Structure formats: structure tokens, C-alpha cells
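No experiment lies behind these values; they were computed from the predicted model shown. Here is how names work: the chains are called A, B, and so on, in the same order as the sequence lines, proteins then strands, and each is numbered from 1. These values consider heavy atoms only, across backbone and side chains, with no hydrogens, waters or symmetry-generated copies.
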2 protein chains.
Amino acid sequence: MYRDSSGKTLEDYPRPSVAVDTAVLTVPPDEALSVLLVHNKEGWRLPGTFLHENERLADAVLRSLRQKAGVTGLAPRQLKVFDEPGRDDRGWVLSVAHVDAVPASRLDLTESDARLVPVDADELRGLPYGHGEIIEAAVAALRASYEEHPDPARLLQRPFTLRELRKLHEAVAGQPLARDTFRRLMEPQLSATGQMSTGRVGKPARLFWHE
Amino acid sequence: MYRDSSGKTLEDYPRPSVAVDTAVLTVPPDEALSVLLVHNKEGWRLPGTFLHENERLADAVLRSLRQKAGVTGLAPRQLKVFDEPGRDDRGWVLSVAHVDAVPASRLDLTESDARLVPVDADELRGLPYGHGEIIEAAVAALRASYEEHPDPARLLQRPFTLRELRKLHEAVAGQPLARDTFRRLMEPQLSATGQMSTGRVGKPARLFWHE
DNA sequence: CGGGATTAGAGCATATGCGAGCTAATCAGG
DNA sequence: CCTGATTAGCTCGCATATGCTCTAATCCCG
């Protein structure tokens with residue numbers, strides 16, 4: 001075992017507990033961008049857990065989402081480390097915040113103590129442990145990733161129309177988008193299926209998918 | 001002291017050591033974008049340190065830069081947590097990578113075991129502990145911040161000419177920039193001093209500063 | 001001292017992007 | 001069955017952006 005110049009191992013020095021917290025974002029059909037909250041004895045929170053020995057951060061995230069919300073198969077991305085020493089009453093805890101976006105159809109919340117809350121809801125501002133900040137950072141990261149790409153998080157079921165894609169982007173951005181400007185930016189990045197939409201009011205639209 | 005439902009404190013659970021590593025970027029006069037390396041008994045590395053008890057990550061970064069490279073007064077920003085359990089021979093160590101950019105004049109390296117290396121140098125790819133990846137991420141973050149703003153990290157001594165600003169941007173971007181396009185993007189964000197440059201070949205240029 | 005090199009600023013022609021309006025194609029409801 | 005509502009795709013006029021060239025103003029060196 002490694003010992004430094006004063007004969008101490010790494011374990012001889014004070015170390016923080018490390019936790020992970022995750023903002024899981026989704027867009028339920030015809031609704032606003034929302035975040036997943038789970039309920040524990042203290043109230044509604046972002047899903048999270050303490051890191052187990054030699055565990056990867058992403059693995060801890062996946063474990064916490066499976067156990068707390070019955071959600072699997074995500075690909076979480078790091079956002080920021082929250083390191084205020086007094087942020088947790090239980091002791092010195094660092095939290096590594098993560099974000100992931102997932103189609104609403106992947107979130108079966110019927111048997112878990114979890115629910116979706118629109119990201120603009122007032123209640124999110126009152127969350128402790130910096131969870132409000134985590135959600136803000138997560139939304140900013142998702143918005144940045146959707147700025148110039150059709151559907152990086154694959155939130156839309158394919159194939160889709162330009163209108164469906166634009167409605168998704170408007171939900172992510174939280175504001176209306178100019179129809180033609182949006183089409184000019186996205187269409188070159190899409191692959192036309194050659195088929196047209198049916199069963200809807202209005203002129204049939206071309207159907208697309210993307211890489 | 002807090003105890004959980006099985007009577008254990010946070011300290012009863014395995015915890016990682018947490019380190020910070022920092023890519024300090026600068027642009028020496030008439031040179032390429034470079035990163036600061038310090039020398040320890042293992043070789044040339046990014047400056048870093050283990051987190052002390054209840055210390056903020058940014059404070060640890062500042063302490064390590066002061067002690068290892070004699071550098072003060074920076075404003076480090078988090079990049080990413082490196083969490084591969086086997087990344088450090090000494091034990092389970094997470095590293096929180098940071099980045100900061102600083103004018104070269106702030107780096108007095110004459111009395112410390114430190115030097116600047118251009119970010120494209122081959123030797124950086126061979127650095128252990130993910131330091132090569134940290135540098136890549138740091139360069140990407142700096143480039144993104146300079147994409148549309150004159151000098152967010154205040155690397156230029158003021159006042160400055162458009163040419164000086166463009167040369168800085170070309171060093172950060174690592175490629176030439178179109179003169180007129182660059183001027184049109186930046187000039188609206190600058191404040192003219194009303195003075196002209198002197199003592200140089202070529203038509204005198206207007207001098208600027210910015211917020 | 002003058003010419004060449006270098007640089008700056010501005011004007012102009014061309015290319016590209018944007019937003020509004022028009023035509024066309026559906027569906028729903030009376 | 002027909003009309004109105006809704007939506008799609010495209011065109012066009014206007015606005016904006018780009019890149020090149022030209023004139024002007026320095027400094028350096030022979």
C-alpha cells in the first residue's frame with residue numbers, strides 16, 4: 001500500500017463523501033420541458049445517491065435512477081460539482097451533478113415514488129442542496145445541445161415531421177421559434193423518408209429521421 | 001453527529017480522495033496558446049493537489065497554483081470530474097479538472113519549477129492521469145468563450161488594436177481569421193479610446209478597450 | 001531622402017439569410 | 001358535400017453578411 005513521505009496512506013487524510021444527483025429531463029407529449037423528482041422521507045428531490053467504493057460516477061447515477069425511479073438505460077453527462085462544505089447536515093459531502101434527457105415514454109412512473117415537474121415551476125426554486133441550481137444548469141446544457149442539432153437526445157419518436165421537431169425545440173427552448181428559419185437550419189441535417197404524414201388536419205407533411 | 005438507519009456515520013463508508021488539477025492557459029507574446037506544466041518527482045504535470053478538509057475546490061486550485069507555480073489571483077472554472085478508479089496508483093482518487101486563462105505577464109516562472117508548453121505539442125498527449133484530456137477540454141472551453149467575445153479572460157493588455165485582438169484570437173483558435181469578418185463581429189463590442197497607435201509599421205490603428 | 005513593405009479603414013459587388021404572404025392539401029364539423 | 005380552419009412548402013423582396021480591392025498612412029532600410 002502506498003505511503004507518502006510522512007508514512008501516511010491516502011485514507012489517513014480527511015476525505016469528503018461524494019454523492020451524485022441527476023436532473024432527468026423530458027418533454028411529455030404536448031407539454032413543457034419537465035424534470036424528474038423522487039420522493040424520500042425529506043420530500044421531493046432529484047434522484048441521487050452516495051458513491052460506492054471504486055464505483056464510476058455514471059454507474060452510481062444509473063444505480064440511483066433504477067432504484068429510486070425505476071428508470072434504466074440512460075447516458076448521464078456531468079454538469080458541475082457542488083462543493084459548499086456546509087451544504088449537507090450529515091457531514092462533508094461533494095455532489096457531482098449530472099443531466100440526461102430521455103423520451104417521456106421511457107419513464108414509467110406508475111410504480112415508483114416519482115413524478116415530473118415542469119422546469120419553470122416555482123417549487124423547483126425551493127429545493128435544498130442546490131437542486132434548483134442543478135436543474136437550471138441542466139436546462140441550459142440541454143438547450144445548448146439543441147441549439148443547432150435536430151434531436152441529440154433522441155426525444156422524438158421517428159419518423160417525425162418538421163412541425164413535430166419544431167414543437168419539441170420550442171418545448172426545450174421555452175419559447176416559439178420562427179417556422180422557416182427553423183426549417184432552413186434543421187432540414188439539411190435530416191433524412192427524408194420519402195413518405196408523407198396522414199391523419200392530421202392541414203397539408204400532409206414530409207416525414208424525416210436523422211442519425 | 002449524524003447516523004443512518006444502521007447506526008453508521010458517513011465516515012464509516014468508503015470514500016475517495018479528491019484532487020484538483022488545473023490547465024492554466026496563456027498566450028505568450030507572438031507565440032501559440034500554451035499550458036502551464038509544473039515539475040514534480042514523477043515528471044512534468046498539470047499543477048494539482050489533494051483537497052484539504054472542508055476546503056472549496058476553487059480554493060484548493062488556488063493553493064496548488066501558488067505553491068507549485070508561484071501564480072496567484074486566478075479565477076478557475078470547473079471542467080469535468082475524472083473518476084476512473086484505477087487512474088492513480090496510490091488509491092481511489094477522483095480528480096476535478098479546472099481551467100483558467102491568464103495573461104502571460106502574470107506568470108513569473110523564473111523561480112519555480114514550471115514552464116509553458118504549446119497546447120499542440122506532442123508531449124502533452126503522453127501525460128498520465130488524463131492530463132492530456134484535461135488540456136483538450138480546457139482548450140475547447142477557452143475557444144468557446146472566445147467565439148463571440150473580444151477578450152473574456154482579459155489576456156490582452158489594454159488599450160489594444162484590432163490587429164492585436166485578432167492575433168490573440170488566432171492564437172486561441174489555432175487558425176487564421178478573416179480580417180474584415182473578425183472586425184465586424186468584434187468592433188461593436190469595443191470602446192474606442194479616441195487615440196491612434198504609434199511606433200509601428202503601417203497605417204496607425206485605432207486603440208480600443210472593452211468591458 | 002525615397003521607395004518598398006506593411007497595415008488600416010472604407011467602399012462596393014456579390015452571396016446568403018429572413019420573414020411575410022401565397023398557393024395547395026388535408027380534415028372536421030355543420 | 002362544402003366551407004372554414006389548419007398546416008406545408010415555396011417564392012419574393014428586403015436585410016444582412018462576406019470578401020475583395022483600393023486609397024491612405026506609417027516605418028524601415030538602402
Side-chain angles (χ1 to χ4, degrees), chain A residues 27-32 143-144 146-151 155-210, chain B residues 27-32 143-144 146-151 155-210:
Chain A
V27 181
D30 302 312
E31 291 187 39
R143 284 175 173 165
Y146 271 76
E147 198 90 15
E148 298 175 6
H149 302 288
D151 192 14
L155 298 179
L156 270 185
Q157 192 168 320
R158 61 190 51 204
F160 49 80
T161 67
L162 277 166
R163 178 181 183 75
E164 286 166 341
L165 184 61
R166 193 175 85 251
K167 290 301 179 188
L168 169 67
H169 276 243
E170 288 176 343
V172 169
Q175 62 186 2
L177 299 172
R179 192 168 71 99
D180 267 355
T181 305
F182 177 82
R183 182 184 55 77
R184 287 192 186 105
L185 179 61
M186 294 295 156
E187 200 178 330
Q189 305 178 57
L190 300 173
S191 298
T193 64
Q195 292 172 306
M196 308 293 283
S197 68
T198 62
R200 299 177 232 205
V201 172
K203 190 177 180 184
R206 287 172 292 155
L207 289 168
F208 296 93
W209 54 272
H210 78 102
Chain B
V27 181
D30 302 312
E31 290 186 39
R143 283 175 174 165
Y146 270 77
E147 198 90 15
E148 297 175 8
H149 303 289
D151 190 14
L155 299 179
L156 270 184
Q157 192 168 320
R158 60 190 54 205
F160 49 80
T161 67
L162 277 165
R163 180 181 183 75
E164 286 167 340
L165 184 61
R166 193 175 87 249
K167 289 301 177 188
L168 169 67
H169 276 243
E170 287 176 343
V172 169
Q175 62 186 1
L177 298 173
R179 189 171 71 103
D180 273 352
T181 305
F182 177 81
R183 182 180 55 78
R184 288 190 187 105
L185 178 62
M186 294 295 155
E187 198 177 330
Q189 305 179 57
L190 300 174
S191 300
T193 66
Q195 293 172 304
M196 307 294 283
S197 69
T198 62
R200 298 176 233 206
V201 171
K203 191 179 181 184
R206 286 172 293 155
L207 289 169
F208 296 92
W209 54 273
H210 76 103

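- Arg200(B) comes within 4.0 angstrom of sugar-phosphate atoms only, judged by non-hydrogen atoms across all strands, and of no base.
- Atom NZ in Lys167(A) sits roughly 12 Å away from atom P in dT6(D) (whole-Å rounding).
- Residue whose closest nucleotide on DNA chain D sits further toward the 5' end, between Lys203(B) and Arg179(A): Arg179(A).
- If you take CZ of Phe182(B) and P of dT18(D), they are 13 Å apart, rounded to a whole angstrom.
- Listed candidates were dG9(D), dA8(C), dG9(C). Nearest to the side chain of Leu162(B) is dG9(C).
- Nearest to the side chain of Thr181(A), among dA25(C), dA5(D), dG19(C), sits dG19(C).
- A salt bridge is absent between Glu164(A) and Lys167(A): the closest approach of a Lys/Arg side-chain nitrogen to an acidic carboxylate oxygen does not fall below 4.0 angstrom.
- Shown here for Arg143(B) and Val172(B), the closest heavy-atom pair between the two residues is NE-O, 2.6 Å.
- Judged by closest nucleotide on DNA chain C, Ala178(A) is the one of Ala178(A) and Gly199(A) placed further toward the 5' end.
- Look at CZ on Arg184(B): it is 10 Å from C1' on dT16(D), rounded to the nearest Å.
- Counting heavy-atom neighbours within 6.0 Å of Glu187(B) CD, excluding the residue itself, gives a total above 12.
- For Arg206(B), taking side-chain heavy atoms from C-beta onward, the closest of the listed nucleotides dA10(C), dC10(D), dC12(C) is dA10(C).
- Within the model, atoms NE2 of His169(B) and CG of Leu156(B) stand 7.5 Å from one another, a figure rounded to the nearest 0.5 Å.
- dT16(D) atom P lies 17 Å from atom CD of Glu187(B), rounded to whole Å.
- Atom-to-atom, CZ of Arg183(A) to P of dT7(D) comes out at 17 Å; the value is rounded to the nearest Å.
- Between the CG atom of Leu165(B) and the C1' atom of dA8(C) there is a distance of 15 Å, rounded to whole Å.
- Side-chain atoms of Pro204(B) lie closest to dA25(D) of the nucleotides dA8(C), dA25(D), dC28(D).
- Looking at Asp180(B), its side chain has no donor and acceptor atom pair within 3.5 Å of the base of dA8(C).
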